[in-house]
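Heads up: the structure comes next, in structure tokens.
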Amino acid sequence: MGKVKNISGCVAVANGVRLADVDVICSYPIRPYTGIMSELARMVADGELDAEFVHGEGEHAQLSVVYGASAAGARVFTGSSGVGVTYAFEVYSPISGERLPVQMAIADRTLDPPGDFGSEHTDAECCRDQGWIQGWASTPQEALDNTLIFYRVGEDPRVLLPQFACLDGYFVSHILGPVDIPEPEQVKEFLPPYKNHHVLDPRNPQIIGPQIEPAMGPPLQYQRYQVLKNVFKVLEEACDDFARIFGRRYDPYMEEYCTGDAEVVIFGQGAHMETAKAVVKRLRNLGEKVGAVRLRTFRPFPTEQVKERLSRFKAVGVLDNSTNFGISGGGGVLLSEVRTALYDFGDKVKTVGFVAGLGGEVVTHDEFYRMFQKLQEIAKTGKVEKTAYWLPFEL
Amino acid sequence: MSSNELFIEPNLKQITVWSRGVIMNKDARDVVVALTEAASKEGKYVQAWENYVDLPDRINVPVRAYARISSDPIASRYVYENEAPDIVVVLEETLVKGVPVLKGIKPGSTLVVNTRRSIDTILKFLGDTGNLGQIATVDASSMAEAVVTLSGSEGATDATGIGAGIAAPIAGAVARVTGIVDVENLARVVKNPAAMRRGYEEVQVRKLEVRPVAKESQTTAKELLRQMPFAGTVPSPQEENEGMVTGNWRMKRPILNTEACTQCWTCWIYCPDSCIKKGEDGPLFNLKYCKGCGLCATVCPTGAITEVPELDFED
């Protein structure tokens, strides 16, 4: 066991990066993730971490710097928020396609307009199809732990993929919470040194990401499609080892809360699901059979596990903290993906979407209460009158 | 019924035109556009396009333009290449050497070559003509000049018009020996109908015996997947790039007069492709990659290097 301290999610992530002993960091400031880089800069300046700290001229440069450094064999870290995440968009696909296990922290921020520091998952979810591993932490502790788990999974020779380690801006990134900071010896046992299949080296020149003819497209993309499937087994192993070494057990896919005999659950990811758990606890005291399921791994989407675990409930409410304007069903990406996963069960499991907390607004206890009431009504009547509700206007 | 039979288009004629980047790729495009425009006037379904994978902005690189003409609506519209041409046109004679211009041709197909050389000479370079049913030659370059322009490249509108250059006599020759379009309709679409009619009149043709050819096996997608290196990463070529052999870009070969060579090595410095090595009697040319740009001959202070047409050599 390490020391327990009350620190922010930003400082927790910085400690994870320090413990992972990264070689190259590239920064560019934008709230709310900036605190991670401030803390890392301090660590490098104070001699707590021996790493190259490069300040990019923008997010596109940030991702390009770590892209090259990772290809040259360095363990790298970068991060961003909101429009910073979308500005770097071009570089995400090359990094995953060339199988470079870059780690990027995303502390969510609403995309413009309006100018808003508050958190929405839209920025990170925009990048969901770029071939990266992606998942959300809901506490500073989990943010630190995910940093280590993601490096371990991404750098595994069976995987070699970059990772978006996401945390809700402000809620997780800025509010202090208790964090057990591991000892470096524990981390050494958990995380072996980074070694890629191909390393840029002038003595053995290679072309990464060469120009191809269209006929080479299907096999190259199929390789990328297949490798994401390897993530599940490696992630399970990593979570087992993590529990053994650090004493904290994470379900690789989703955390279930009071689901044993639950009839209805709310399914979502990130900070707001901690509020959902608090609401479940109160409702349980009243004897209501409600529960919460918090997704930890969003990419690759654990279709089989979601299917298996959600099929036992009468109604599932899917919370999307994002704007997906014009999407089928009018909810968000999570609703779409959960509905696809559950499609084979037909009418057995009712699903309904809730879009809430936009612009970084708090999702209140009362709003969760109304969501659970709606779910219980659906479970009772068996009727889904509306695919998705935008809170607080429609529910 | 196999799917090959199910999707066959019996009335579809495929025309492939071979040419060279920049110096005459506009004329290649003009041949297919002129023929399809003329066919359009005859109520045919047509499509014309340039090869998308070739590099038409590189001088002298082999490039292709394609036409499809049919009395039925064309079902196979979205393809990269003509997989089985009925008509092959070679706009620059050196392409018959070292470029597989007859690849995939249908039994009884036609080859038309822009050359002043004899049919026998061209046949010598072609080797086994397999499915080819007739060969025709026309000295189009003596009837018109190639129009060098980038107008109309990348699918843009060609502001210079169609069929002012060597495309006109070539299109005329194709109309004559294949009957793919009526010469009068062609005359209505080209800018230089007089040159077109000269090509039509002066083309020489010889029938050939169609010989059976072994069917080429294609690499399957599964085989490509097996061969695919990790993340597509490949070792970087350090001296010679087998994936980019450029010797067939060459129309003229550099020849050294060793008596005139002073071994100043100016050519060695200037060769943009590092194709010159220092030999005991002067420069040695790497013909596998030499594009025939002629820079060595231009910079040689003693005139020791001359450029000789590639078809003057059998090797």
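This is a predicted model, so every value here is computed, not measured. So you know, we letter chains A, B, ... as the sequences are listed, proteins then strands, and number each from 1.
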Looking only at N and O atoms, which donor-acceptor pairs between chain A and chain B are within less than 3.5 angstrom?
unit_1: Pro205(A); atom_1: O; unit_2: Ser236(B); atom_2: N; d: 2.8
unit_1: Ile207(A); atom_1: N; unit_2: Val234(B); atom_2: O; d: 2.7
unit_1: Ile207(A); atom_1: O; unit_2: Val234(B); atom_2: N; d: 3.1
unit_1: Gln223(A); atom_1: OE1; unit_2: Ala231(B); atom_2: N; d: 3.3
unit_1: Gln223(A); atom_1: NE2; unit_2: Pro229(B); atom_2: O; d: 3.4

> Under 6.0 Å from the OH atom of Tyr87(A), do we count more than 12 heavy atoms belonging to anything else shown?
Replying inline: no
>> Within the supplied structure, the quantity of interest is the number of heavy atoms (other residues, nucleotides, ligands) at a distance under 6.0 Å from Leu284(B) CG; does it exceed 12?
In response: yes
>> Give me the atom names and distance for the closest heavy-atom approach of Gly97(A) to Ala231(B).
In response: O-CB, 3.5 Å
> Just wondering, do Pro218(A) and Leu225(B) contact through their side chains at under 4.5 Å, heavy atoms?
Replying inline: no
> Ile212(A) versus chain B, heavy atoms under 4.5 Å apart: side chain, backbone, both or neither?
Replying inline: neither
>> If I measure from the heavy atoms of chain A, does Val234(B) come under 4.5 Å with its side chain, its backbone, both, or neither?
In response: both
>> Going by the rule ring-ring contact (aromatic ring centres under 6.0 Å, His included), which residues pair with Tyr194(A) if we only count those two or more places apart in sequence or in a different chain?
In response: none
